[in-house]
Structure formats: C-alpha cells, structure tokens
Number of protein chains: 2
Amino acid sequence: MSTASASEWAEHARAVMDQAGHRKGGARNAIIDLLAEQPCALSAIEIEDHLRRSDRSASRASIYRILELLQDRGLVVRLDVGDASSRYELIDPGGEHHHHLLCESCGRLVPFDDAGLERSIDRVSRRMGFRTHGHEVVLRGDCVACQH
Amino acid sequence: MSTASASEWAEHARAVMDQAGHRKGGARNAIIDLLAEQPCALSAIEIEDHLRRSDRSASRASIYRILELLQDRGLVVRLDVGDASSRYELIDPGGEHHHHLLCESCGRLVPFDDAGLERSIDRVSRRMGFRTHGHEVVLRGDCVACQH
DNA sequence: GGGCAAGCGAGACGGTGTCTCACTATGGCC
DNA sequence: GGCCATAGTGAGACACCGTCTCGCTTGCCC
C-alpha cells in the first residue's frame, strides 16, 4: 500500500461519506487519515492510542461508531484474527484485496494476495449455491523472517 | 458429521488424552460428549449453557482450560467468525476439514469443504514462503435457504 | 486405604466493545 | 452574518467474554 494510493483512499473515503449525506467530522477525519497511512490492519484500541498521542484524539464510542460507518460504506473491512480484538483495514477503491498470515512466532500480521485463491473461493461459493458478499482467509504459521 | 463418526471422535479424543498421560475427568468427559454430538461449532458460553441444563455442569474456567487442552492435542479447532466470541469444533480424526459460510440473514454457520480451495491455499502458502500450521476461510453472505 | 498431584469450581479481575445522554459543531436557511 | 435543527462527538457507566488465583475434590499409584 503506497503512500500515494493511501492518500487517494482518504480522499475517496471522504467523498463517499460526503455523497452519502454525512457532515464533516473531526474525529472521522482523524480516523480516516490514520487508517490511510497504515501498512496493515489496526485494532480499535490501537487507533485510540495512536490518536491520543497525536493532536486529535477521539473517544472510544466515536471510534467504534465511525468504523462501523466506514464498514457499511465498504471503505473498511473488519478482520477477526482471534487475538481477542478485531482489526480494521482500509479497502482499496480499485477493488484489490488481500488476506493475512498470522505469524505464531512474532505475532505480526503479514498481508498477501493471490488470484488463484480468489478464483477458488468464487468457484466453491457458486458450487454451494451461496450468495457471498465477502470473505476472509487467515493462515497461521511462521512468516519468512521467523523461519531459521 | 454423522452420529457414528461423532461418537468415534469422542472415543478417539479420550484415547488421545489418556495416552498423553491425563487422568479421567468428569468435566472433560462431559465436554467431549457434548462436542461429539454437535453438527457445527459451539461457543464456550453455549457449551456452558448446554452443560448447565444437563446433569453435568462445568465451571467456565474448566471449559476454557479443557478446550485449550483439546486444541493443543489437535482434537478441536477454534474459529473466530467475528460475532464477539470464538467457537470450537471437533476435528475429524481422518484429517478431513471444512470451512464456513456465516449467513448474514439467519446468522447460522454453514459448513462446506472443497479440495480445490485447499490446493490453492497450499500453493499460495508455498509461493509466499510461509510455513503454515493451519488456516481458516470464512465466507459472508446468504445461505441457500435465505435466498428468495 | 493413604498420599499426592491432576482436575475442577467459585469468584474476582481485566479488557474489549456497547449504550446513554448531554454537549459541540456543521450546514442550510433567512 | 446570525439562527436553528440535527449530525457528530465525548465522557463514562455498563455488559460480556475470557483469564487468573486459590482452595477443594477426585483419580491413580503405592
């Protein structure tokens, strides 16, 4: 996720919210900017901490409320990786999309994408007769850096 | 998951725990029997409720402790589907393994499996240089029954 | 049967996420 | 520019899931 496409996302997100009839909001702007510059998913608590340390903090209620709004508009996905809290990550407006390896050694979340995997998911989804709106793949194991 | 293979799993689970040097335990037996007869994943709280309504209840501490033990022995998987609490499900001793659709209309968890999907996951895992111990796929959408 | 450690229960505790309610700020209207 | 309705926000209480501790019970080996 390059810085260029990230700030692009922030603009896109603000435009979508505007078109949906939402007023401007300081907390929302701060959260959008924060998410835009992240390389990977953040938890709500991490967002709270980051903002508190910056010049524009936001209350916990606002954070969850805003994240839900962004999710409803398809600007953000919520990931449940199993470490107690769920994590939030921006969605590329171009429709690109990735999954994660949760490294059991260092605890990091490593993003990856694969067209073949996406095709397999579409195929099984059709075969089973589901109408799917989204999906999540989480691998558990060791990332490249943690293998010796 | 047929009743036959389910009680087979219960026997298998008890044998594994026995071989690992664990003593018999009332709470553990009750949880194994309960899991054995479930069609799909249960949350820890649901297990607590089920047992309380039966003749053999178990404390919350025991439930989590036992589920962790079963997970360590590869008898159970923990799924994080995003509805706050995580869910636990037995693992087929034959090594078969399935994934889930979380129906956004009725809230049910619908199991499915697909060999092509498994192959795709192995392939991308190798391509990325990960050493994976497990994985999870969750689709979100409408199950067959909820489409009109 | 006796002793010891594994297994277990009860309840306190901590953290994440939800809810309420009052305050603030935005944008349309005059 | 000033006013007003209402969307947006903050503070804090609250509920819930999961963890931890500690003392009691039970299974197992001698």
Under 4.0 Å between a side-chain N/O of [X] and OP1 or OP2 of [N], yes or no?
X        : N       : value
Ser59(A) : dG10(D) : yes
His22(B) : dA6(C)  : no
Ser86(B) : dG18(D) : yes
Arg56(A) : dG10(D) : yes
Tyr64(B) : dT19(D) : no

Side chains of Glu89(B) and His98(B): is there a donor and an acceptor less than 3.5 Å apart?
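Judged by distance alone, the side chains do pair up.
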
Tell me if the side-chain of Arg60(B) makes a donor-acceptor pair with the base of dG18(D), cut-off 3.5 Å, by modelled atom types.
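Such a pair exists between side chain and base.
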
For Ser85(A) and for Asp18(A), locate the closest nucleotide of DNA chain C by heavy-atom distance; then report the residue assigned to the nucleotide nearer the 5' terminus.
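Result of the comparison: Ser85(A).
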
[X] [atom1] - [N] [atom2] separation (whole Å):
X        : N       : atom1 : atom2 : result
Glu48(B) : dC8(C)  : CD    : P     : 15 Å
Gln71(A) : dG17(C) : CD    : P     : 12 Å
Ile63(A) : dA11(D) : CD1   : P     : 11 Å
Ile45(A) : dG14(C) : CD1   : C1'   : 12 Å
Arg28(B) : dC8(C)  : CZ    : P     : 6 Å
Ile66(A) : dG17(C) : CD1   : C1'   : 15 Å
Met17(A) : dT9(D)  : CE    : P     : 9 Å
Lys24(B) : dG7(C)  : NZ    : P     : 13 Å

Can you work out whether Arg23(B) or Leu69(A) has the more 5'-proximal nearest nucleotide on DNA chain D?
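First, find each residue's nearest nucleotide; the 5'-ward one identifies Leu69(A).
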
What contact category does Ala27(B) fall into here, base, sugar-phosphate, or nothing, at under 4.0 angstrom with non-hydrogen atoms?
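Counting heavy atoms under 4.0 Å across all strands, the contact made by Ala27(B) is with sugar-phosphate only.
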
Would you mind classifying the nucleic acid contact of Ser43(B) as base, sugar-phosphate or nothing, using non-hydrogen atoms under 4.0 angstrom?
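Result for Ser43(B) = nothing.
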
Pair Glu118(A)-His97(A), side chain to side chain donor-acceptor pair (under 3.5 Å): steps then yes or no:
CA-CA 9 Å; Glu118(A) 300 299 323; His97(A) 142 119; 3.3 Å; yes

Is it true that Ile45(A) and Leu34(A) fall in one hydrophobic cluster, defined by side-chain heavy atoms closer than 4.5 Å?
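Yes, same cluster.
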
If you take all heavy atoms of Met128(A) and Pro111(B), which pair is closest and at what distance?
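Smallest heavy-atom distance, with atoms named: CE-O, 4.3 Å.
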
Tell me if the aromatic rings of His135(B) and His133(B) count as close, with their centers under 6.0 Å from one another.
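Here the rings of His133(B) and His135(B) have centres that are no less than 6.0 Å from each other.
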
